[in-house]
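One structure is given below, encoded as C-alpha cells.
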Amino acid sequence: MTSIPDVLLNNGQKIPQFGFGVFLVKPEETFAAVTSALASGYRHIDTAEMYGNEKEVGEAVAKSGLDRADVFLTTKLNNDAHRPDDARRAFDRSLSALGTDYVDLFLIHWPLPTRYDGDYVSTWNTLEEFYRDGRARSIGVSNFQAHHLRRLHTESEVPPAVDQIEVNPYLTQDELRQFCGEHQIAVEAWSPLGRGRDLGDPTIDAIARRVGKTPAQVILRWHIDRGDIVFPKSVNAARIRENIDIFDFELSGEDVEAITALNRNQRTGPDPDKFAG
Ligand code: A2P
C-alpha cells in the first residue's frame, strides 16, 4: 500500500502531503473521479465553492465507506463572499454541500486586493471564527503574495496554516516559498503539472526515462522532494493511479535542481496582485 507522508502544520494538525484536486472537474465527472481517487489510496481532496463540485465531492466521500476522519477535506471561500456576513453564509453553504459538520482546511481563495477596499483582513478575521469554533480544523489562504501574508501577520492573531499558490516547473516560486518557510506557513502547489503544459519538457522527459517513471510522476515527485503539498487533477482513472504511484522512488538532488532551473516565472493562472475575481 502506498504510504503518503503527512506535513505538520503550524497549529499541530497534520495534512497528507499528496492529494486530489478537482479544479476544472465538471460536477457530472466529480463523483467518479473522487471515487476512483479514494479507491486508489488518496486521502486528501481539495475543492472550492468556485469549482461547483463540492456536493459531488461530499457524496463520493460519504459513499466510499471510509470514515470521515480518514479523509482530509479542503474547500475555499468564493470571491463574491469576502464580507464577513457573506463569508459566514458561504462557509455554512460549503459544509452543507460537502455533507459534513467540519472541514479540515478552509482557505480564502484569492486576496482580491483591488476589491472590498483591499480589506482581506476582516475576511481573515471571519475565518478565525470558524477556526475557533472548530468547524475549520485549520485555516489558510490561497494565492497570497508575501506582502499580503505580512499584513495578516501584523493585523491578525491566527497565522495561516497554508498558502496555496501556483507552483510548477515553469513557475517555481522560490522567493515566496522561502518566505512561507521562514514564517511556518506550509506551501500547497496548485496546478502542479502546469495544467499539463510542463509534461513535454525535454529535461523532465530525460529524467523520466532514466528513472523509469512518467514525466507526470517525475514532476509530482519534484514537488514532494521540495517539501510542498501537492494535489494533481485528473479525470482519468489510469492517470489518477499513475499520479499517486510516486512513493517508491526519490529524485537525486541534482535532478531536483535541474527541474527547478526550468523556471520561467510563467503562470498558467491569473496574477494575484491584479486578479479581481
Ligand atoms: P486529465 O484530467 O484528462 O488526466 P494540473 O494538476 O497541473 O492542473 O494538471 C491537470 C492537467 O494534466 C489535466 O489536463 C489532466 O488531464 C492532465 N494530467 C493529469 N495527470 C496526468 C498524467 N499523469 N499524464 C498526463 N496528463 C495528466
Side-chain angles (χ1 to χ4, degrees), residues 2 4 15-42 44-48 50-53 56-57 60 72 74-76 107 109-110 142-143 162-173 177 187-209 211-226 228-249 251 259-260 262-272 275:
T2 309
I4 300 173
I15 181 171
Q17 196 185 357
F18 181 88
F20 188 64
V22 293
F23 172 51
L24 294 182
V25 180
K26 295 182 193 125
E28 62 272 23
E29 290 177 330
T30 301
F31 180 83
V34 174
T35 298
S36 164
L38 293 171
S40 307
Y42 293 64
H44 165 187
I45 313 290
D46 182 279
T47 183
M50 189 191 291
Y51 306 163
N53 52 22
E56 293 75 11
V57 167
F72 191 103
T74 300
T75 193
K76 314 186 190 83
L107 308 179
H109 207 146
W110 288 88
S142 183
N143 300 300
V162 311
D163 190 5
Q164 182 177 129
I165 55 175
E166 182 178 355
V167 187
N168 39 59
Y170 291 173
L171 181 72
T172 56
Q173 296 267 30
R177 289 175 63 260
V187 171
E188 297 193 318
W190 67 254
S191 277
L193 305 172
R195 295 196 201 171
R197 177 199 61 189
D198 305 359
L199 292 168
D201 184 275
T203 299
I204 291 166
D205 191 53
I207 295 172
R209 283 168 196 275
V211 302
K213 287 284 179 177
T214 67
Q217 289 171 327
V218 166
I219 295 178
L220 294 170
R221 189 66 227 189
W222 169 77
H223 288 282
I224 295 287
D225 289 342
R226 281 170 26 117
D228 292 351
I229 298 158
V230 74
F231 29 82
K233 168 262 171 189
S234 177
V235 292
N236 174 286
R239 288 194 285 275
I240 289 171
R241 284 193 299 275
E242 173 187 331
N243 292 345
I244 198 177
D245 183 20
I246 56 168
F247 295 98
D248 60 349
F249 81 115
L251 294 172
I259 298 173
T260 304
L262 298 174
N263 182 40
R264 302 173 180 177
N265 292 324
Q266 216 173 71
R267 293 182 186 279
T268 67
D271 178 344
F275 188 57

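Counting starts at 1 for both ligands and their atoms, in listed order.
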Original post:
Do Lys213 and Asp245 sit within salt-bridge range, that is, some charged N less than 4.0 Å from a carboxylate O?
Top reply: yes
Subject >> Aromatic contact, Tyr51 with His109 (centres under 6.0 Å) >> reply: yes
Original post:
Relative to atom 12 (O) of ligand 1, which among Gly196, Ala237, Gly269 owns the nearest non-hydrogen atom?
Top reply: Gly196
Subject >> Region of Ser191 engaging ligand 1 - heavy atom pairs below 4.0 Å >> reply: both
Original post:
Does the N or O separation between Leu193 and ligand 1 drop below 3.5 Å for any pair?
Top reply: yes
Subject >> Check: Gly194 N/O within less than 3.5 Å of ligand 1 N/O >> reply: yes
**OP:** Ignoring hydrogens and angles, tell me if any N or O in the side chain of Glu166 forms a donor-acceptor pair with the backbone of Thr268 under 3.5 Å.
**Re:** yes
Subject >> Top protein contact for atom 6 (O) of ligand 1, by heavy-atom distance >> reply: Lys233 N, 3.2 Å
Original post:
How are the rings of Phe23 and Trp190 set to each other: parallel, tilted or perpendicular (split at 30° and 60°)?
Top reply: perpendicular
Subject >> Shortest non-hydrogen contact between Gly269 and Arg195, atoms and distance >> reply: CA-NH2, 4.0 Å
**OP:** Between Asn243 and ligand 1, find which residue part has any heavy-atom pair under 4.0 Å and reply side chain, backbone, both or neither.
**Re:** side chain
Subject >> Partner of Thr30 by side-chain contact (heavy atoms from CB on, under 4.5 Å), out of Val235, Thr47, Asn53 >> reply: Asn53
**OP:** Check each heavy atom of Glu242 against ligand 1 and say whether those closer than 4.0 Å belong to the side chain, the backbone, both or neither.
**Re:** side chain
Original post:
Is Val235 close to ligand 1, meaning an N/O of one under 3.5 Å from an N/O of the other?
Top reply: yes
**OP:** Please confirm whether Pro192 comes under 4.0 Å of ligand 1, counting heavy atoms of the residue only.
**Re:** yes
Original post:
Considering only the protein, which heavy-atom contact is closest to atom 11 (C) of ligand 1, and what is its distance?
Top reply: Arg195 C, 3.7 Å
**OP:** Examine Arg239 against ligand 1 and note whether any of their N/O atoms are separated by less than 3.5 Å.
**Re:** yes
**OP:** Heavy atoms only: give me the nearest Ser36-Ile240 pair and the separation to one decimal.
**Re:** OG-CD1, 3.7 Å
Original post:
With a cut-off of 4.0 Å, which atoms of ligand 1 are near a heavy atom of Leu199?
Top reply: 25 (C), 26 (N)
Original post:
What do the steps show when you test Ile219 against Asp201 for side chain to side chain contact (heavy atoms under 4.5 Å, CB included), and what is the final call?
Top reply: CA-CA 10 Å; Ile219 295 178; Asp201 184 275; over 6 Å; no
